[in-house]
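In what follows, chains carry the letters A, B, and so on, assigned in the order in which the sequence lines appear, proteins first and then strands, with residues in each chain numbered from 1. Every value quoted in this text rests on a predicted model; they were computed, and no experiment measured them.
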There are 2 protein chains.
Amino acid sequence: MEDWHCEVGNVSRLSAGDWAKAALEALAKGGLAAVAVEPIAVRLGTTKGSFYWHFRNRRALVEAALALWEQDTEKVIAALNEIADPARRMCALLENAMADPVDAAISFRLISAADDPGIAEIARRVSERRLAFMQAALEEMGTPPDLARRRVVVGYGSYLGVAALRRLGASDEPLTDFIDQVMAGLALPPS
Amino acid sequence: MEDWHCEVGNVSRLSAGDWAKAALEALAKGGLAAVAVEPIAVRLGTTKGSFYWHFRNRRALVEAALALWEQDTEKVIAALNEIADPARRMCALLENAMADPVDAAISFRLISAADDPGIAEIARRVSERRLAFMQAALEEMGTPPDLARRRVVVGYGSYLGVAALRRLGASDEPLTDFIDQVMAGLALPPS
DNA sequence: AGTCTTCCATACGCAGGCGTATGGTAGTTC
DNA sequence: GAACTACCATACGCCTGCGTATGGAAGACT
């Protein structure tokens, strides 16, 4: 799992991680169809020859990209867990999330492509992870697990949907309004 | 605009509307990439020759399919407007919407493909129409326009996001929970 | 009956993406 | 310094989709 971008002389050698990173960017920018070997090779200034040395096929590249995405979620969660107060933690989460249209774009691409069971499974796992993180915060504040779960599904759903509307240009309402409403829905004090 | 599926003898002739309908189904089922002339021709039991008589190119087919989708929204709105009581109207809307995963799937496909300005524009227009319909109901109940708008954005967003989570298999919570929460967020009495 | 219009089938060329085969280059190892 | 490995470039065949060109069938018109 330890792969490095290695640079020798003025010739740079690519790692599988470089390919995965570029693939994730392509996914966010152009959708699953844009995760195509030759265009990404051009973007990386190399050729297919490099790719098929590092990966078995295109599917493996997609999976590597999504693994990267999954790790990003873990990083964000780890960072937010530094915030002791659960209410402030959730508020920071919302602000954080709404400020990251790239992650939202990836989510939409995957939701759209959820007819592919492999894609759906990863998207489901990441969603589940995020929901669990939010639910834990509510439980910390004394909300019973079942109620917390139901509230968190709508809370995270609100984020997804409102981010989608902003992506479409169908909503330019200020973020504070949105955050206040979601916090209220989660039965948390406003920031 | 009057085109008919016409059947003469045992040979059926296709109309542009038949193509648009099939294209919309393909969009829902397989995404924008699945709106491809030849596969749809096979599905309709015909060939490209038919298609390029009815349409200028693939883009025109996509637009026709989305026009059909836009009309569906209008039909639903017209039907719901038969319900006099705004609160019950909104409740019926939510039940109606959550029972239609195909429409939701189309929404997700378009949100994902919103990097295409043409796609984004239609999706935005339809979203705006739905938001306006909901906002009108809230205003009927005395909510000031600005507040109604903000609530409705989160309400419709919640629908989109929760439908997405259900699509992923990340939520199997009962619909009544969701509906109650959204109705509460809209400051409407529960059903 | 012959022409005209409408609608469709077939065949073609082109482009782009996937995966493979094969050779080459630059370090590493002994 | 020679073999060896790791990494990459090039070239190829295949498939699928787009759009066009052209001919054919079947009813309508006169």
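- Under a 4.0 Å N-O distance rule, the pair Glu74(B)/Arg129(B) qualifies as a salt bridge.
- Looking at Arg149(B) and Glu128(B), a side-chain N of the basic residue comes within less than 4.0 Å of a carboxylate O on the acidic one, giving a salt bridge.
- Here the P atom of nucleotide dT5(C) and the CH2 atom of Trp53(B) are 12 Å apart, to the nearest Å.
- For Thr47(B), the side-chain atoms get nearest to dT10(C) when compared with the rest of dA9(D), dT10(C), dC7(D).
- Distances shorter than 4.0 Å separate some side-chain N or O of His54(B) from OP1 or OP2 on dC8(C).
- By the 4.0 Å N-to-carboxylate-O rule, Arg151(A) lies too far from Asp177(B) to be salt-bridged with it.
- In this structure, Phe55(B) has its ring center at least 6.0 angstrom away from the ring center of Trp19(B).
- Side chain of Ser50(A), nearest nucleotide from dC18(D), dC7(C), dC8(D): dC8(D).
- By the 4.0 Å N-to-carboxylate-O rule, Lys29(B) lies too far from Glu25(B) to be salt-bridged with it.
- In this structure, Tyr52(A) places its OH atom 14 Å from C1' of dG13(D), rounding to the nearest Å.
- If you check every strand for non-hydrogen atoms under 4.0 Å, Thr46(B) touches sugar and phosphate atoms only.
- When the P atom of dC18(D) is taken as reference, atom CG of Asn57(B) falls 10 Å away, rounded to whole Å.
- Phe51(B) places its CZ atom 12 Å from the C1' atom of dG17(D), with the value rounded to the nearest Å.
- The minimum heavy-atom distance linking Phe178(B) with Ser158(B) is given by the pair CE1-O, 3.8 Å.
- Taking the nucleotide of DNA chain C with the nearest heavy atom to each of Ala33(A) and Arg56(A), the more 5' of the two is matched to Ala33(A).
- The interatomic distance linking Phe55(B) (CZ) with dC18(D) (P) rounds to 13 Å, in whole Å.
- Shown for residues 37-45 of chain B: residues whose heavy atoms fall under 4.0 angstrom of DNA chain D, namely Val37(B), Glu38(B), Pro39(B).
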